[in-house]
Amino acid sequence: MFALIDCNSFYASCEKIFRPDLKDRPVVILSNNDGCVIARSSEAKKMGVSMTQPWYQIKDQYLSKGGIVFSSNYEFYADISNRVMNVLSDLCPEIDIYSIDEAFLDLRSFKKNIDLVNFAYDCKRKIREWVGVPVSIGIAPTKTLAKLANKVAKDDPRFDGVVILSEPRVIKHFLRSMPVEKIWGIGKRLTARLENIGVKTAHDLTQIDSRLIGDNFNVVLERTVRELKGQSCITLHDFMEPKKTNNG
DNA sequence: TCTGGGGTCCTAGGACCC
DNA sequence: TCTGGGGTCCTAGGACCC
């Protein structure tokens, strides 16, 4: 099993750590030169601010409604990211850092079976208390499925930030409800091509003949399909920054 | 008239991701 | 007037070599 831990609205959450007065306030972060929006707190998303929206287009209205804005501060975000990753690597020795705000944990590295629900909530609580940012967690037999689980954990408030896919029956049901474009590695172009051949859901994708994929698509999609079927085959760079020590 | 074939290295472009 | 910037991975094609 793999866990994907992803920080919610990462840059905006970082800015809120030391500014308790901003709790429940809309916060957006701008790209270099304040060109466009690159991160939004949930309150800003509710106001209708979209990702990569040009700042000049929304500035007046956003500020007049009480929105808060920051220029990006990547050194600060990298520092918070390191703290999150350190907490995670203490909880699980096998960690693949995928981006500044997310990491996969390989739960197969635990010798004993662990209670996945307890583990997930423990992660969430520790990162919240020790670092100060909220996270969503998806747990599943492959990285691609964990990524999908994570997306649902983040988007559907009923799940309280944690989705665990372990039963095959549950996974099948889950995949039937999942549009292909939500799958990690499937963007606009592939979605259009897949829909042309009648593939609309993640479950549809698992039903295509693998020769068809080989002939008409590429090895990336082939791997994605295998992952959706529960066969783990995506490996990330197994790098992990060494923990800080006294001798540097 | 049917123009060797296989390997390596490099680069550009496509697609996707955060 | 103002619309991110940095990645990975794969593929195809060109150049070169023996």
Side-chain angles (χ1 to χ4, degrees), chain A residues 2 4-15 28-41 44-45 48-63 69-82 84-85 88 95-104 133-138 142-151 153-155 178-197 199 202 205 210 213-228 233-241:
Chain A
F2 293 89
L4 176 64
I5 289 84
D6 189 326
C7 301
N8 302 343
S9 308
F10 183 58
Y11 298 166
S13 297
C14 287
E15 298 291 353
V28 300
I29 315 299
L30 304 180
S31 62
N32 291 337
N33 303 318
D34 293 350
C36 68
V37 174
I38 55 168
R40 309 152 294 156
S41 71
K45 287 174 192 167
V49 179
S50 44
M51 198 66 171
T52 71
Q53 186 157 27
W55 172 233
Y56 74 89
Q57 288 180 355
I58 58 161
K59 180 179 178 180
D60 292 344
Q61 207 186 12
Y62 176 77
L63 294 175
V69 60
F70 290 90
S71 296
S72 45
N73 180 351
Y74 295 107
E75 282 177 29
F76 173 48
Y77 308 144
D79 178 58
I80 301 301
S81 174
N82 284 336
V84 171
M85 300 310 169
L88 289 176
I95 176 170
D96 264 335
I97 297 169
Y98 176 63
S99 75
I100 192 166
D101 75 332
E102 61 190 294
F104 288 99
V133 298
V135 301
S136 299
I137 300 183
T142 68
K143 291 193 172 85
T144 301
L145 288 169
K147 196 89 167 128
L148 262 185
N150 181 283
K151 194 184 279 276
K154 186 173 277 190
D155 293 346
M178 194 58 60
V180 274
E181 71 256 31
K182 305 265 187 188
I183 301 167
W184 185 33
I186 297 187
K188 270 187 199 152
R189 301 288 183 115
L190 271 176
T191 297
R193 287 176 63 193
L194 288 167
E195 285 185 346
N196 274 341
I197 59 170
V199 173
L205 189 53
S210 61
I213 299 170
D215 291 348
N216 296 286
F217 298 92
N218 59 32
V219 297
V220 180
L221 187 63
E222 243 180 283
R223 277 201 289 261
T224 297
V225 173
R226 277 195 278 155
E227 286 247 325
L228 289 174
C233 53
I234 292 181
T235 54
L236 300 174
H237 289 298
D238 269 45
F239 82 91
M240 205 198 87
E241 287 183 67

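The figures here come from the full heavy-atom set of this structure, side chains too, leaving out hydrogens, waters and symmetry mates. The sequence lines fix the lettering, A, B, ..., with proteins before strands; numbering per chain opens at 1.
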Distance test, side-chain N/O of Lys188(A) to OP1/OP2 of dG14(B), below 4.0 Å: no
Whole-angstrom distance between dG4(B) and dC16(C), as gauged at atom C1': 15 Å
Sugar-phosphate only, base, or nothing, as touched by Ile186(A) at under 4.0 Å among non-hydrogen atoms: sugar-phosphate
Inter-residue atom distance Leu145(A).CG - Asn150(A).CG, 0.5 Å rounding: 12.5 Å
Contact under 4.0 Å: Arg223(A) side-chain N or O vs dC9(C) OP1/OP2: no
Plane angle bin for Tyr62(A) and Trp55(A) - parallel if under 30°, tilted between 30 and 60°, otherwise perpendicular: perpendicular
pair Lys143(A)-Tyr98(A): side-chain heavy atoms closer than 4.5 Å: no
Residue Ser31(A), side-chain atoms from C-beta onward, closest of dC10(C), dC18(B), dG4(C): dG4(C)
Complementary nucleotide of dC9(B), counting Watson-Crick and G-U pairs under 3.5 Å: dG14(C)
Touch class at under 4.0 angstrom, heavy-atom based, for Leu30(A) against every strand present: nothing
Nearest-neighbour nucleotide for the Glu102(A) side chain, dC18(B), dC10(C), dG5(C) considered: dC18(B)
Touch class at under 4.0 angstrom, heavy-atom based, for Asp101(A) against every strand present: sugar-phosphate
Neighbour count above 12 (heavy atom, 6.0 Å) for Asn33(A) CG: no
